[in-house]
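These numbers were taken from a predicted model, which means no experiment stands behind them. Counting starts at 1 for both ligands and their atoms, following the listed order.
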Amino acid sequence: MTSVERGRVLLAVTGWDPGPWLAEFARAAPDREIVRAPAGPDDPTIRYALVWKPPPGLMSRLPNLAAIFSLGAGVDHVIDDTTLPDVPIVRIVADDLTNRMSEYVVWQVLDHLRQGRLYRAWQARRQWREAPQPAAGDVTVGIMGLGALGTDAAGKLAMLGFRLAGWSRRPKHLAGIACHSGEDGLAPFLGTSDILVVLLPLTAQTRGIINRRTLALMKRETPLGGPVLINAGRGGLQVEADIVEALDNGALMAASLDVFETEPLPATSPLWDHPAVTVTPHAAATSDPRRLVPIMARQMDDFEAGRPLANLVDRKAGY
Ligand code: NDP
Ligand code: OXD
């Protein structure tokens, strides 16, 4: 079969450099043609789309589209398009991405446990001081979102001796994690969390879930001196004005934020220079084309051989 008979692959990315994705795709799937734009309106040659924040309406103008591959684990950037055709959406579940996210979570949790902000401030003032050193075993990390990323991060934190709690939509039983679920489980879950790690998808149900009311449900007294928030899920999960207020009134002691309501984070945001906030630029777990493209190319081959696509998005649930 020629590459045209097999159908073309469209790469539709906004805000990312397409170069490495095109190069990796050419290497991983030399028998498939990848293009940056449809040949015209209603291009019938496009069979698959690899997307990150695709322009709204673009997918609906591809009449022979068989599947959409999100270049990220989250799919809010795709399914927010109300004109999306009814084709399978595949998201990323890959060891490479999962490991990177767990590295970020462990890095931030340990930084809070070991008082990284205090020591950096003291070093800047040439102060030789020792901060209180709580034990990991006295600290409960609450993982909000016990999916591919949350369960891996929980396992790695458990190896370091932390106590674990978790929250998911549907009930779960996971060894070593006090599992809570659904709306009724939210308050008990937040009430046990000294450090809250948010790894939820952004859906109609989760939008704005980190707010004044939910932050107030966290413990005020913790072995770290106060509750800590780490959000690497999506910026739309958090109400930033409420986070700043909580940091200023003691409902929160510190926050590590990788994602924001508006990205890039506007220069005017008070989060940039808040002394209790660590900002990273949506970089907790980067999508590395070298690791991810071969997985997608394999999935296309599987699909054409009649095997089911893995890691499909449940459009009704929104993730
Ligand atoms: P999964 O779909 O595997 O897991 C999502 C988890 O969230 C599941 O446990 C799910 O519950 C839970 N959940 C969803 N909706 C609700 C709800 N309404 N109430 C309670 N729990 C809910 O996703 P991943 O772990 O792969 O990824 C999570 C998110 O991380 C992505 O959606 C993305 O937004 C973000 N991300 C961020 C990156 C970054 O660099 N900052 C990189 C990669 C991902 P259940 O188990 O019952 O389904
Ligand atoms: C993702 C992301 O969803 O990079 O994978 O945010």
* To do: For T206, take its heavy atoms, then give the atoms of ligand 1 lying under 4.0 Å from any of them.
  => 15 (N), 16 (C), 17 (C), 18 (N)

* Asked: How many angstroms lie between atom CG of L50 and atom CE of M300, to the nearest 0.5 angstrom?
  -> 4.5 Å

* **Steps toward salt bridge (Lys or Arg N to Asp or Glu O under 4.0 Å) verdict (R100, E103)** => CA-CA 5 Å; R100 290 169 194 268; E103 284 165 13; over 6 Å; no

* Asked: With atoms numbered from 1 as shown, which atoms in ligand 1 lie under 4.0 angstrom from a non-hydrogen atom of M101?
  -> 37 (C), 38 (C), 39 (C), 41 (N), 42 (C)

* Asked: For ligand 1, is there an atom lying under 4.0 Å from some heavy atom of R91?
  -> yes

* Main-chain N/O of E24 paired with R290 side-chain donor or acceptor, under 3.5 Å -> no

* Structure fact -> If you compare G185, A283, S168, P201 by their heavy atoms, the one closest to atom 7 (O) of ligand 1 turns out to be P201

* Structure fact -> Looking only at protein heavy atoms, what sits closest to atom 47 (O) of ligand 1 is R170 N, 2.7 Å

* Write out the residue and atom name of the closest protein heavy atom to atom 8 (C) of ligand 1, then the distance separating them to 0.1 Å. => G147 N, 3.7 Å

* **Proximal ligand 1 atoms for K172, defined as those under 4.0 Å from one of its heavy atoms** => 46 (O)

* Structure fact -> Between the CD1 atom in I68 and the CG atom in L84, the distance rounded to the nearest 0.5 Å is 4.0 Å

* What is the nearest protein non-hydrogen atom to atom 21 (N) of ligand 1, stated with its residue, atom name and distance? -> R169 N, 2.9 Å

* Check each of N311, T151, L149 against atom 24 (P) of ligand 1 and report the one with the nearest heavy atom. => L149

* Atom indices of ligand 1 within 4.0 angstrom of L200 heavy atoms, with elements -> 7 (O), 12 (C), 13 (N), 21 (N), 22 (C), 29 (C), 34 (O)

* What are the two closest non-hydrogen atoms of H77 and P54, and how far apart are they? -> O-CD, 3.6 Å

* Asked: Can you find a side-chain donor-acceptor pair between N211 and T214 that sits under 3.5 Å?
  -> yes

* Structure fact -> Correct closest heavy-atom pair for M59 and A49 would be SD-CB, 3.6 Å

* To do: Identify the heavy atoms of C179 and L174 that sit nearest to each other, and give their distance.
  => SG-N, 3.7 Å

* To do: Could you list the atoms of ligand 2 found under 4.0 angstrom from a heavy atom of H282?
  => 2 (C), 4 (O), 6 (O)

* Asked: Strictly under 4.0 Å, does any heavy atom of A232 approach an atom of ligand 1?
  -> yes

* Shortest protein contact, atom 28 (C) of ligand 1 (heavy atom only) -> L199 O, 3.4 Å

* Asked: Short question: side chain of D96, backbone of R291 - any donor-acceptor pair under 3.5 Å?
  -> no

* Structure fact -> re atom 40 (O) of ligand 1, the protein heavy-atom contact at minimum distance is A285 N, 3.1 Å

* Kindly indicate, with the supporting measurements, whether the criterion side-chain hydrogen bond (donor to acceptor under 3.5 Å, both in side chains) is fulfilled by Y48 and R32. => CA-CA 11 Å; Y48 304 106; R32 293 184 189 275; 4.6 Å; no

* Asked: Which of the atoms of ligand 2 are close to A73, meaning less than 4.0 Å from one of its heavy atoms?
  -> 1 (C), 3 (O), 5 (O)

* Asked: Less than 3.5 Å between some nitrogen or oxygen of L97 and one of ligand 1, yes or no?
  -> no

* **ligand 1 atoms in contact with D258 (distance to a heavy atom under 4.0 Å)** => 39 (C), 40 (O), 41 (N)

* side-chain contact (heavy atoms from CB on, under 4.5 Å) partners of S256, counting only residues at least two apart -> Y104, Q108, H112, I230, T278

* Structure fact -> So the atoms of ligand 2 within less than 4.0 Å of a heavy atom of G72 turn out to be 1 (C), 3 (O), 5 (O)

* Asked: So, D194 side chain and T140 main chain: donor-acceptor pair closer than 3.5 Å or not?
  -> yes

* To do: Ignoring angles and geometry beyond distance, decide whether V75 reaches within less than 3.5 Å of ligand 1 through its nitrogen or oxygen atoms.
  => no

* So which protein heavy atom does atom 35 (C) of ligand 1 come closest to, and at what separation? -> G233 O, 3.4 Å

* Asked: Which ligand 1 atoms, with their elements, are less than 4.0 angstrom from a heavy-atom of Q205?
  -> 18 (N)

* Donor-acceptor side-chain pairing of D288 and T286 below 3.5 angstrom -> no

* Any N or O on Y319 sitting closer than 3.5 Å to an N or O of ligand 1? -> yes

* Least distance between heavy atoms, S70 atom then I92 atom -> O-CG1, 3.5 Å

* With heavy atoms only and a cut-off of under 4.0 Å, state how W52 meets ligand 2: side chain, backbone, both or neither. => side chain

* Asked: Polar-atom distance check: R234 versus ligand 2, any N or O pair below 3.5 Å?
  -> yes

* Asked: Does an N or O anywhere in L97 fall below 3.5 Å from an N or O of ligand 2?
  -> no

* Should V93 be listed as contacting ligand 1, given a heavy-atom distance under 4.0 Å as the test? -> no

* **Test of proximity, V259 against ligand 1: N or O pairs below 3.5 Å** => no

* Asked: For ligand 1, is L202 a contact, meaning one of its heavy atoms is under 4.0 Å away?
  -> no

* To do: Provide the closest heavy-atom pair for F303 versus A66 in the form atom of the first, atom of the second, distance.
  => CE2-CB, 3.8 Å

* To do: Could you list the atoms of ligand 1 found under 4.0 angstrom from a heavy atom of H282?
  => 39 (C), 40 (O), 41 (N)

* Identified side chain to side chain contact (heavy atoms under 4.5 Å, CB included) partner of I195 from the options L157, I143, V139 -> V139

* Structure fact -> Correct closest heavy-atom pair for T151 and L146 would be CG2-O, 3.4 Å

* Touching ligand 2 at all, H77? Heavy atoms, strictly under 4.0 Å? -> no

* Can a non-hydrogen atom of M144 be found less than 4.0 Å from any atom of ligand 1? -> no

